[in-house]
Amino acid sequence: MEEMATDEPENENIEPAELSAVEQIEILKAQISDLEQQVEDLKGTRFGAENISKDSELLTFYTGFVEPYAKTMIKWSQIQRERGKENYKRRRSSGNFALSLYDQLFLFMIRLRLGLLETDLGVRFNISTSTVSRIILTWANFLYTMLGQVPIWSTTAQIKNSMPQCFKTTYPKTRVIPDCTEIKVQRPSSKVLNSEFYSAYKSHTTLKCLVGIAPHGAVTFVSSLYQGSISDKEITRHSGILSLIEEGNEVMADKGFLIQDLLQPQKATLTIPPFLSKTKSLQFTSKEVTETQQIAHLRIHVERAIRRIKEYQIFEKVLPLSLAGSVNQIWTICCLLTNFRGPLY
């Protein structure tokens, strides 16, 4: 037994002071090498854009981007940066944050896509909640400005070239399919504001927006957000969409979208499902039934487009008043980003 004890490594219990300088250096080198390996291992598991982007399914989960469209988005921003020194400076002035520009954008997209709270994001990215808030505000304004430079309203020729067969055979002159949607917001303390923002349809205080899509499914118009009490007709009147409608265009809408008088100056027509006439039979004719079904079948696409926008889960919860200054930018960004997710149908 005593002989076996003598087989233990001779340097195991030797104090560092008893080792030669060369031996101490070798031990320190081994420790450094081990620490470097640990750092590399941690980099591979760190929560961030660099690692998540390697997995297309996780990238889609966290940001809503399908990989090819994310790549297109990056290339477009690079082109914008090359347009001039001023754009380049604006891109570089996103703040002296602890995260890289790519991780800042990744954080912003997670906030939109999953609706994670700022405190949660601060823990995930190892930064303060106030830094998260500044990053979100910075990127909301930056992307709103940059994406706003992209023309989304399609020309008549573009509409015609991309029109699906289901429209060509029934309503070939359709230019846009508008619809209004609402997002819930925190109740203001002011009774006057509470009355202005209260939506009878949602039984809550809301912000309301007009969204228009082309027959092929792309979002081609996004209005500003208005108080929830505004009517569909009034939001159409003030949104700016009427100035884009041209002579001979058809606008396909729901029954409640009574805007024919607003379209008359543009010499455009309104396509809506027929109303049941009180002076005639209390039943639709076979032609009216067919027309109702055709319009409903085609209008479903604008509802799908809006559903896509609301897949950004930041809108699932009641938006706090603290986001009042940037909610318009965030909503518009989410609307425009749906066009990077591929065809609607």
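Predicted model, so just to flag it, every value in this text is computed and none were measured. The first residue of the sequence shown is numbered 1, and numbering continues consecutively from there.
The shortest distance between side-chain heavy atoms of L99 and F106 does not fall below 4.5 Å. Side chains of W331 and I309 form a contact here, defined as non-hydrogen atoms less than 4.5 Å apart. Residues V327 and L207 meet the side-chain proximity criterion, which asks for heavy atoms closer than 4.5 Å. Between I152 and F221, the closest side-chain pair of non-hydrogen atoms is not below 4.5 Å.
The pair E311-R307 does not count as a salt bridge, with every side-chain nitrogen at least 4.0 angstrom from each carboxylate oxygen.
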Inset, instruction - Quick one: do C209 and V222 satisfy side chain to side chain contact (heavy atoms under 4.5 Å, CB included)? Show the steps, please. - result: CA-CA 7 Å; C209 175; V222 182; 4.0 Å; yes
Legend entry - Residues T181, K310; criterion side chain to side chain contact (heavy atoms under 4.5 Å, CB included); working and verdict: CA-CA 10 Å; T181 187; K310 291 190 174 181; 2.8 Å; yes
Inset, instruction - Dump the intermediate steps for salt bridge (Lys or Arg N to Asp or Glu O under 4.0 Å) on R299 and E303, then the final yes or no. - result: CA-CA 7 Å; R299 275 201 71 261; E303 297 173 7; 3.6 Å; yes
Legend entry - Verdict with reasoning, R175 to E250, per salt bridge (Lys or Arg N to Asp or Glu O under 4.0 Å): CA-CA 6 Å; R175 181 71 178 273; E250 289 185 4; over 6 Å; no
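In this structure, the side chain of Q158 engages the main chain of T155 through a donor-acceptor pair within 3.5 Å. Judged by distance alone, with hydrogens and angles left aside, the side-chain atoms of Q149 form no donor-acceptor pair with the main-chain N or O of M146 at under 3.5 Å. Using modelled atom types, no side-chain atom of N249 and backbone atom of I245 make a donor-acceptor pair closer than 3.5 Å. Judged by distance alone, with hydrogens and angles left aside, the side-chain atoms of S33 form no donor-acceptor pair with the main-chain N or O of K29 at under 3.5 Å. Judged by distance alone, the side chain of K208 and the main-chain N or O of I230 form a donor-acceptor pair under 3.5 Å. Proximity of a side-chain donor or acceptor of Q227 to a complementary backbone N or O of E196 within less than 3.5 Å is not detected. Proximity of a side-chain donor or acceptor of T131 to a complementary backbone N or O of I127 within less than 3.5 Å is not detected. In this structure a side-chain-to-backbone donor-acceptor pair under 3.5 Å is present from T236 to D232. In terms of modelled atom types and a separation under 3.5 Å, the side chain of T220 and the main chain of W153 share no donor-acceptor contact.
To the nearest 0.5 Å, the span separating CD1 on I259 from CD on Q264 amounts to 11.5 Å. The line from CD of Q313 to SG of C334 is 11.0 Å long, rounded to the nearest 0.5 Å. Separation of atoms CG (L107) and CG (L116) is listed at 9.0 Å; rounding is to 0.5 Å. Here the straight-line distance linking atom CH2 of W139 with atom CZ of R134 works out to 15.5 Å at 0.5 Å rounding. In this structure, CD1 on I136 lies 7.0 Å from CD1 on I330, to the nearest 0.5 angstrom. In this structure, the separation between SG on C335 and OH on Y312 is 10.0 Å, given to the nearest 0.5 Å.
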Just list the side-chain donor-acceptor pairs under 3.5 Å for residues 316-325, sequence neighbours left out, or say none.
none

Show the atom names and distances, to 0.1 Å, of all donor-acceptor pairs under 3.5 Å that link a side chain in residues 164-174 to residues at least two apart or in another chain.
unit_1: T169; atom_1: OG1; unit_2: Q165; atom_2: O; d: 3.2
unit_1: T170; atom_1: OG1; unit_2: C166; atom_2: O; d: 2.7
unit_1: T174; atom_1: OG1; unit_2: Y171; atom_2: O; d: 2.9

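Partners of Q329 according to the side chain to side chain donor-acceptor pair (under 3.5 Å) rule, which considers only residues two or more places apart in sequence or in another chain, are N141. With sequence neighbours excluded, the residues satisfying side-chain contact (heavy atoms from CB on, under 4.5 Å) with N194 are R187, P188, T205. Taking N328 as the reference, Y144, S224, L225, T332 meet the side-chain contact (heavy atoms from CB on, under 4.5 Å) condition, with sequence neighbours excluded. With sequence neighbours excluded, the residues satisfying side chain to side chain donor-acceptor pair (under 3.5 Å) with S130 are S128.
In this structure, I333 and L147 approach most closely via the heavy-atom pair CG2-CD1, 4.2 Å. A pairwise comparison of heavy atoms in E291 and I272 identifies OE2-O, 4.3 Å as the closest pair. Closest approach of I235 and C180 over heavy atoms only: CG2-SG, 3.4 Å.
Inspection of the E234 and H238 side chains reveals an N or O donor paired with an N or O acceptor under 3.5 Å. Inspection of the E182 and S199 side chains reveals an N or O donor paired with an N or O acceptor under 3.5 Å.
One hydrophobic cluster holds both L143 and F340 under the rule that ILVMFWY side chains link at heavy-atom gaps under 4.5 Å. One hydrophobic cluster holds both L105 and L101 under the rule that ILVMFWY side chains link at heavy-atom gaps under 4.5 Å. The hydrophobic clustering, which links ILVMFWY residues whose side-chain heavy atoms are closer than 4.5 Å, places I177 and L336 together. The cluster map of Ile, Leu, Val, Met, Phe, Trp and Tyr, joined by side-chain heavy atoms under 4.5 Å apart, puts V185 and L193 in the same cluster. Both I241 and L270 sit in one connected hydrophobic cluster of ILVMFWY residues. Membership requires side-chain heavy atoms under 4.5 Å apart, directly or through other members.
Heavy atoms from other residues, nucleotides or ligands lying under 6.0 Å from NZ of K160 number 12 at most.
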